[in-house]
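Everything below concerns the one structure shown next.
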Amino acid sequence: MKIKRIETHRVAIPLIKPFKTALRTVNTADSVIIKIICDNGIVGWGEAPPTAVITGDTMGSIEAAINEVMAPNLMHTDFSQYEQMLSIVQTAIVGNASAKAAIDMAIYDCLSQLCKLPLYQFLGGYTHEIETDYTVSVNGPEEMGEDAVNYVQQGFDVLKIKVGKDSIATDIERIKEVRRRIGNKIKLRLDANQGWGKKEAIFAIRKLEDLDLGIELVEQPVKAWDIAGLKQVTDHVDTLIMADESIFTPRQALEVVKNRSADLINIKLMKAGGIYQAQMINQLAEASGIECMVGSMIETKVGITAAAHFAASKRNITRFDFDAPLMMAKDIVDGGIQYRSKKITFPNESGLGIIDVDIKGGVSLGK
């Protein structure tokens, strides 16, 4: 089986409610959807959302990396040498992690269809059902409390609370209000998205510990480049600290693992450049006794389906952050993972289980 054609398509889907973090506000889920068409008729799907403030990728750069660099190098390559194909994806161009992830997941989709296995089984098959958290955007304390109650009423028992914007005092008020509104049985995770300095982070987390607000973990409290600061926070608080934006590559993961700069790692396909390198990061972490979460950007069900298949395949991945499709006004994907509130299940079909994608769904921006 060989690659016959690679297509890229732009889509834009309005969100039900603006998604706000310390780094950005998103009103519309923009994305590049790709199709790999093979000479035997198998079609593989991939996705790359532009997240300029995190990955540096834009719609234009994603399309250029795929159409001008990766696609010409991959055309007519044979899936019997898929290690070579995946290596071409990673080495054909520097950076451009999201574009690489889109091609990578489409290759894995095709490959697992060829083997007549769902992708999560092809990759290891650890479990057939996972549970996602739901993210509370950073807003005023009262609005965040109302959002938290709404998500709990929908059946979610793990909430990811965005902080890192405005003052530490305001962040603490946000968390206190959320905890007051939802009670003590719901698990809370905080994500500062690099919004604190190391001293601020230590102060804030210790204050939250003193208030006994039951915080499971704090994600990326300091700037992505500040690995020493990340370690300092990890070493000076009792709460688990998770590295996110600090880790894109296996080499960065090795540095964090070697120095014990974090207790946990958040793997995202859009940072890692796809499943191929995400597996390396997870293996490094597992060998060092560090559990991983798999998260996502604001992606449609194409990208989230690929990430969920990868996450379900591995024993060491114990936390899941796949709520993005639930935030969208429309689902453009026929097939893929299925949601029952917090529970995510996988179709019996081979590959990603995606039957088709409505390229003109939402607000179409054309090919």
Side-chain angles (χ1 to χ4, degrees), residues 19 21 29 47 49 51 54 101 105 108 118-137 148 151-152 154-162 186-191 193 215-220 240-245 247 253 262-272 274-275 277-279 281-283 285-286 290-328 331 333 336-347 352-354:
F19 179 77
T21 74
E47 177 180 5
T51 316
I54 298 174
M105 67 178 68
Y108 273 105
L119 180 56
Y120 79 92
Q121 291 182 359
F122 177 82
L123 294 172
Y126 181 69
T127 185
H128 64 279
E129 184 176 282
I130 58 178
E131 295 184 359
T132 183
D133 60 16
Y134 204 106
T135 303
V136 178
S137 288
Y151 303 144
V152 170
Q154 291 178 37
F156 295 92
D157 55 15
V158 181
L159 298 181
K160 182 175 178 177
I161 312 298
K162 293 291 187 178
I186 303 302
K187 188 176 292 185
L188 294 185
R189 299 167 179 166
L190 306 188
D191 186 1
N193 285 113
I215 307 303
E216 180 201 11
L217 61 88
V218 176
E219 186 176 342
Q220 198 62 48
L240 296 174
I241 302 300
M242 175 180 284
D244 180 7
E245 291 98 332
I247 297 176
D263 302 299
L264 303 161
I265 292 173
N266 186 359
I267 302 172
K268 293 175 181 171
L269 299 190
M270 296 304 143
K271 293 186 304 167
I275 294 167
Q277 291 209 137
Q279 292 188 98
I281 294 170
N282 179 60
Q283 287 165 349
E286 185 170 17
I290 293 176
E291 294 178 358
C292 293
M293 176 166 82
V294 175
S296 61
M297 306 302 185
I298 299 299
E299 304 165 40
T300 76
K301 212 166 67 176
V302 175
I304 299 295
T305 291
H309 273 274
F310 162 63
S313 74
K314 306 299 179 185
R315 178 183 62 180
N316 192 56
I317 297 170
T318 57
R319 295 165 175 86
F320 314 95
D321 182 25
F322 298 137
D323 54 352
L326 302 176
M327 301 178 183
M328 297 184 188
D331 182 5
V333 180
I337 55 171
Q338 299 299 314
Y339 289 89
R340 297 198 310 275
S341 184
K342 64 182 179 180
K343 293 187 182 297
I344 294 174
T345 55
F346 301 86
L352 294 176
I354 293 175

Within a 6.0 Å radius of atom OH on Y339, are there more than 12 heavy atoms belonging to other residues, nucleotides or ligands? yes

Short side-chain to backbone donor-acceptor contact, E299 and M297, under 3.5 Å: yes

Between T127 (side chain only) and A312 (backbone N and O only), is there a donor and an acceptor less than 3.5 Å apart? no

Between T305 (side chain) and L352 (backbone), is there a donor-acceptor pair under 3.5 Å? no

Is there a side-chain contact between L159 and D133 (heavy atoms, below 4.5 Å)? no

Spell out, as yes or no, whether a donor-acceptor pair under 3.5 Å connects the side chain of N316 to the backbone of Q283. no

Using modelled atom types only, decide if a donor and an acceptor are shared between the side chain of N266 and the backbone of G295 within a distance under 3.5 Å. yes

Is any side-chain heavy atom of M327 closer than 4.5 Å to a side-chain heavy atom of Y134? yes

Are the side chains of I354 and V302 in touch, meaning some heavy atoms are under 4.5 Å apart? yes

Nearest-0.5 Å distance, CE of residue M270 to CD1 of residue I298: 12.0 Å

Let me see the working for Q154 and K342 under side chain to side chain donor-acceptor pair (under 3.5 Å), right down to the final yes or no. CA-CA 8 Å; Q154 291 178 37; K342 64 182 179 180; over 6 Å; no

Quick one: pull up CD in E219 and CG in L190 and give me the separation to the nearest 0.5 Å. 10.0 Å

Thinking salt bridges, do E291 and K314 make one under a 4.0 Å N-O criterion? no

Apply salt bridge (Lys or Arg N to Asp or Glu O under 4.0 Å) to the pair D331 and K301, showing each step before the final yes or no. CA-CA 7 Å; D331 182 5; K301 212 166 67 176; 3.0 Å; yes

Any side-chain donor paired with an acceptor under 3.5 Å for T300 and E47? yes

Begin with the C-alpha distance, continue with both residues' side-chain angles, and end with the deciding distance and a verdict on side-chain contact (heavy atoms from CB on, under 4.5 Å) for E286 and R315. CA-CA 9 Å; E286 185 170 17; R315 178 183 62 180; 2.8 Å; yes

May I ask you to check whether Y120 and F346 place their ring centres under 6.0 Å from each other? yes

Between D323 (side chain) and T135 (backbone), is there a donor-acceptor pair under 3.5 Å? yes

Would you please test I130 and F322 for side-chain contact (heavy atoms from CB on, under 4.5 Å) and show each step? CA-CA 10 Å; I130 58 178; F322 298 137; 3.7 Å; yes

If you apply the rule side-chain contact (heavy atoms from CB on, under 4.5 Å), what do you find for M293 with T318, and how did you get there? CA-CA 6 Å; M293 176 166 82; T318 57; over 6 Å; no

Where do A262 and I290 come nearest, in terms of heavy atoms and distance? O-CD1, 4.1 Å

Check I337, T132, I344 against I304 for a side-chain contact (heavy atoms from CB on, under 4.5 Å) and give me the one that passes. I337

Salt bridge (Lys or Arg N to Asp or Glu O under 4.0 Å) between K162 and D191, intermediate numbers included: CA-CA 5 Å; K162 293 291 187 178; D191 186 1; 2.7 Å; yes

Y108 and F310, any side-chain heavy atoms less than 4.5 Å apart: no

Contact between N282 and I267 at the side-chain level, heavy atoms closer than 4.5 Å - yes or no? yes

Please step through salt bridge (Lys or Arg N to Asp or Glu O under 4.0 Å) for the pair K271 and D244, ending with a clear verdict. CA-CA 9 Å; K271 293 186 304 167; D244 180 7; 2.7 Å; yes

Let's go through Q220 and I241 carefully: what are the C-alpha distance in whole Å and the side-chain angles of both, what is the deciding distance for side-chain contact (heavy atoms from CB on, under 4.5 Å) to 0.1 Å, and is it a yes or a no? CA-CA 7 Å; Q220 198 62 48; I241 302 300; over 6 Å; no

